[in-house]
Amino acid sequence: MKVNLLDFTLSELAEVTGLQPAYRVKQLFHGISSGLKVNEISVLPLNVRAELETFAVGVEIKESFKSVDGSEKYLYELSDGNIIEGVFMPHSYGNTLCVSTQVGCRMNCAFCASGIGGLVRNLTAGEILGQVIAVNRLKGGNKQNRQITNVVLMGSGEPLDNYDNVTKFLSLVSAEDGINISLRNISLSTCGLTENIIRLADDGFNVTLSVSLHATTDESRREIMPIANKYTIAQIVDAVKYYFNKTGRRIIFEYSMIKGKNLDYFDAVRLGRITKGYPCHVNLIMLNPVKEKDLNACSPKDAERFLDRLKENGVSATLRRSFGNDISGACGQLRRSRLGGKK
Ligand code: SAH
């Protein structure tokens, strides 16, 4: 695999490329942070650009699909030929990009397309950053004029199963000299790897932490999320309380509503207990269909009833609308992909 220039901080870039003097390294860093290819960075002399051609820069958008709701799905090609997916979502307050952190995923949740076929490999920091920079450019943005204001690590992969690359990505994407998206505007979603939740807090990455809960007992969680064999809900609650105490950030729980699985009266009562005593919020979403899986969404009526019951139990919760269903770009529908396939 080619070395990817987006993998590096400014000072590492100087070392890796051997470029001198320092202002040339800055010009390179600024150019690639705006989404330019090396040969497009016109402030660099031609011979310098030619020498840098041995490196890869970021990831390349190969295909895109537009949803009727305004969101867009992208297929990105990595330098080893793997294809990953991501989704752009326009909001009134800015534009959010959902990025992938792994090719495939090891977690194998019963409802999710990302784990089909298992984990292929981790993405590097530069491959995660490359998704943000490529879409920012596609939307007419550059380093100074950002068209992507928010990032969610909610595409394929388990971010905390790729800790080093993901935290390096967080440093790079929020670097003042780079695209400079604040950690406040970044959400990281995890199925609940508690040691790494604690590590993230200790390392000072104050992102919004989302935890995919989807069940209210360890037993029922194990039925749909194999990772529940390793971590209990009580351990998750301890870890997110720690995260809140260190970062001051309210915790988000993701709860996909699955017909006949996680929506009865007692689930609402238990969710009341799980979320008590620290600032947190539950995002309810309808289960999105994945053709290889046999779980179904509940009816809109069941969803409303569950939301009401949560409120009766003192839970702060909202029913979140889903983006990109018609382009298989909704939660749980992103996967390792191939070009030229059907959406
Ligand atoms: N691995 C991380 C990041 C994935 S984020 C995590 O587990 O949080 C994607 C979110 O969509 C997670 O909350 C995931 O549980 C949820 N999800 C997966 N499949 C889904 C489906 N079919 N319908 C709705 N949500 C789904």
Side-chain angles (χ1 to χ4, degrees), residues 71 73 84-87 89 96-116 118-119 122-123 128 131 151-163 165-166 169 186-194 196-197 200 207-215 220-228 230-231 233 236 239-240 243 251-259 261-263 280-298 303 306 317-336:
S71 63
K73 181 166 90 170
I84 52 166
E85 299 188 333
V87 178
M89 290 162 281
T96 299
L97 189 70
C98 174
V99 298
S100 290
T101 55
Q102 295 178 317
V103 184
C105 182
R106 285 207 286 171
M107 300 301 146
N108 199 22
C109 297
F111 39 79
C112 183
S114 302
I116 296 170
L119 175 67
N122 284 331
L123 296 188
I128 307 171
Q131 299 168 51
V151 174
V152 295
L153 288 88
M154 298 190 181
S156 285
E158 166 49 50
L160 296 185
D161 188 36
N162 182 15
Y163 188 86
N165 290 311
V166 163
F169 158 74
I186 299 181
S187 291
L188 183 152
S189 183
T190 175
C191 61
L193 308 187
T194 58
N196 281 349
I197 290 176
L200 197 65
V207 295
T208 300
L209 184 70
S210 290
V211 177
S212 301
L213 194 63
H214 306 322
S220 58
R221 197 163 185 263
R222 284 196 286 266
E223 277 178 29
I224 51 173
M225 300 179 72
I227 194 67
K230 189 155 180 212
Y231 304 102
I233 293 174
I236 291 176
V240 300
Y243 193 84
I251 305 300
I252 306 292
F253 287 109
E254 305 289 342
Y255 201 90
S256 301
M257 294 175 288
I258 310 173
K259 188 176 171 182
K261 284 273 179 209
N262 58 1
L263 299 168
C280 64
H281 183 80
V282 176
N283 273 335
L284 297 175
I285 60 169
M286 293 297 231
L287 191 79
N288 294 305
V290 171
K291 66 175 186 298
E292 294 88 342
K293 308 282 188 182
D294 58 2
L295 296 170
N296 295 305
C298 65
F306 191 63
T318 39
L319 232 167
R320 213 179 54 179
R321 85 183 161 115
S322 191
F323 270 102
N325 238 308
D326 55 335
I327 51 170
S328 292
C331 295
Q333 296 184 320
L334 299 188
R335 55 175 81 217
R336 182 185 187 197

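Atoms within each ligand, like the ligands themselves, are counted from 1 in listed order.
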Per-ligand residue contacts, ligand 1, heavy-atom threshold under 4.0 Å
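Answer by chain and number: Phe111, Cys112, Met154, Gly155, Gly157, Glu158, Pro159, Ser189, Thr190, Cys191, Ser212, His214, Glu254, Ser256, Ile285, Met286, Leu287, Asn288, Val290, Cys331, Gly332.
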Applying side chain to side chain donor-acceptor pair (under 3.5 Å), name anything that partners Thr194, two or more places apart in sequence or on another chain.
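If we apply the side chain to side chain donor-acceptor pair (under 3.5 Å) test to Thr194, skipping adjacent residues, there are no hits.
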Got a second to check how far Leu295's CG is from Glu223's CD, nearest 0.5 Å?
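Nearest 0.5 Å value for the CG-CD distance: 10.0 Å.
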Is Glu85 salt-bridged to Lys73, cutoff N-O under 4.0 Å?
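Yes, Glu85 and Lys73 are salt-bridged.
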Shortest non-hydrogen contact from Cys191 to Arg221?
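So the two residues come closest at O-NH2, 2.8 Å.
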Kindly give the heavy-atom pair with the smallest separation between Ser71 and Val87, and that separation in Å.
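Scanning both residues completely, I find the closest heavy atoms to be CB-CG1, 4.2 Å.
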Side-chain donor-acceptor pair under 3.5 Å between Thr190 and Glu158, yes or no?
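Yes, because at least one side-chain N or O of Thr190 sits under 3.5 Å from a partner of the opposite role on Glu158.
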